[in-house]
Amino acid sequence: MGAKLSGPGSKAGTIEQNADINVTPFVDIMLVLLIIFMVAAPMATVSIRLDLPPAQPPVNPTEQKDPVYITIQESGAIYIADKESSIANLPADVCAALGGPNCREERVFVRADAEVKYNQFMEVMNTLQGQGFFKVGLLNEDIE
């Protein structure tokens with residue numbers, strides 16, 4: 001804030017307040033900081049030479065299996081890859097859909113309608129966990 005010590009003509013002895021902000025010190029400080037950062041920025045970059053091996057394709061490429069989805073509907077019906085199942089047959093049907101001897105080591109995805117009750121969902125999750133399916137992914141679909 002600045003002050004005016006003398007006025008024009010007859011107001012020679014009065015002091016008036018100047019409410020304008022003096023931005024000159026602010027601009028000076030910002031320019032000094034800009035110069036400091038411009039000088040310091042190139043010093044902050046460090047280059048390290050890396051010798052990476054060339055990329056090679058895998059020797060025995062394995063085919064990606066389609067994931068198995070367990071769908072729970074509002075009515076309580078359970079579907080495994082478009083085939084209806086029940087809570088009692090769930091582990092056997094999941095192993096049949098996954099195929100192979102190590103079906104419990106594969107990832108299974110569970111999705112449920114938005115209106116499915118919590119106990120229906122947890123019944124499926126507990127059955128899967130009780131039968132040794134520990135790689136379970138949960139899917140969420142946007143509600144519009």
Side-chain angles (χ1 to χ4, degrees), residues 1-8 11 14-144:
M1 184 181 305
K4 196 175 191 182
L5 296 178
S6 63
K11 296 183 181 180
T14 62
I15 298 176
E16 294 180 18
Q17 292 281 332
N18 183 3
D20 294 336
I21 297 173
N22 188 1
V23 295
T24 305
F26 177 71
V27 171
D28 291 344
I29 291 171
M30 294 308 293
L31 288 174
V32 168
L33 287 174
L34 177 67
I35 292 170
I36 289 172
F37 285 121
M38 286 174 59
V39 170
M43 291 183 212
T45 59
V46 177
S47 62
I48 299 173
R49 183 168 164 21
L50 293 176
D51 293 325
L52 296 176
Q56 297 176 355
V59 177
N60 295 327
T62 58
E63 291 184 22
Q64 290 285 342
K65 293 181 182 178
D66 289 335
V68 172
Y69 296 103
I70 300 173
T71 305
I72 308 168
Q73 292 185 343
E74 180 183 5
S75 63
I78 300 170
Y79 288 91
I80 300 171
D82 298 334
K83 287 177 45 182
E84 191 167 2
S85 180
S86 65
I87 204 73
N89 298 332
L90 185 65
D93 290 342
V94 170
C95 277
L98 286 170
N102 295 330
C103 63
R104 285 169 173 71
E105 299 298 320
E106 299 289 329
R107 184 170 302 279
V108 177
F109 293 100
V110 177
R111 59 183 168 198
D113 290 341
E115 294 82 19
V116 171
K117 294 191 177 5
Y118 181 73
N119 64 346
Q120 293 172 328
F121 176 76
M122 285 310 297
E123 186 178 15
V124 171
M125 293 296 293
N126 290 335
T127 302
L128 289 173
Q129 185 179 9
Q131 294 296 319
F133 291 94
F134 295 114
K135 294 184 178 181
V136 177
L138 304 178
L139 295 178
N140 179 8
E141 295 182 15
D142 293 334
I143 300 173
E144 295 180 17

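Numbers for residues simply follow the sequence, beginning at 1.
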* Structure fact -> Applying side chain to side chain donor-acceptor pair (under 3.5 Å) to Arg111 and not counting sequence neighbours gives Thr71

* With Thr24 via side chain to side chain donor-acceptor pair (under 3.5 Å) - residues at least two apart -> Asn22

* Please report the shortest heavy-atom distance between Arg107 and Leu98, naming the atom on each side. => O-CD2, 4.3 Å

* **Test item: Leu31 and Val27 side chains (from C-beta on) under 4.5 Å apart, heavy atoms** => yes

* May I have all residue pairs that pass salt bridge (Lys or Arg N to Asp or Glu O under 4.0 Å) and include part of residues 30-58, sequence neighbours excluded? => Arg49-Asp51

* Results of side-chain contact (heavy atoms from CB on, under 4.5 Å) for Ala77 - residues two or more places apart only -> Gln73, Ser75, Tyr79, Glu84

Hey, can you pull the donor-acceptor pairs under 3.5 Å for the side chains in residues 122-139, sequence neighbours left out?
from	atom 1	to	atom 2	distance (Å)
Asn126	ND2	Met122	O	3.1
Thr127	OG1	Glu123	O	2.7
Lys135	NZ	Glu105	O	3.4

* **All pairs passing side-chain hydrogen bond (donor to acceptor under 3.5 Å, both in side chains) where residues 90-102 contributes a residue, at least two apart** => Ser85-Asp93

* Structure fact -> Ala97 and Ile80 have their tightest heavy-atom pair at CB-CG2, 3.8 Å

* Hey, is CG on Asp82 packed in by over 12 heavy atoms from elsewhere, all under 6.0 Å? -> no

* For Phe109, check ring-ring contact (aromatic ring centres under 6.0 Å, His included) against everything at least two apart and list the hits. => Tyr69

* Of all pairs that satisfy ring-ring contact (aromatic ring centres under 6.0 Å, His included), the ones with a partner from residues 29-60, not counting sequence neighbours -> none

* Step by step, would you call Asp28 with Val32 a side chain to side chain contact (heavy atoms under 4.5 Å, CB included)? -> CA-CA 6 Å; Asp28 291 344; Val32 168; 5.7 Å; no

* Pairs meeting criterion disulfide (SG to SG under 2.5 Å) with involvement of residues 97-133, two or more places apart -> Cys95-Cys103

* To do: List for me each residue that meets side-chain contact (heavy atoms from CB on, under 4.5 Å) alongside Glu115, sequence neighbours excluded, and say none if there are none.
  => Glu74, Asp113

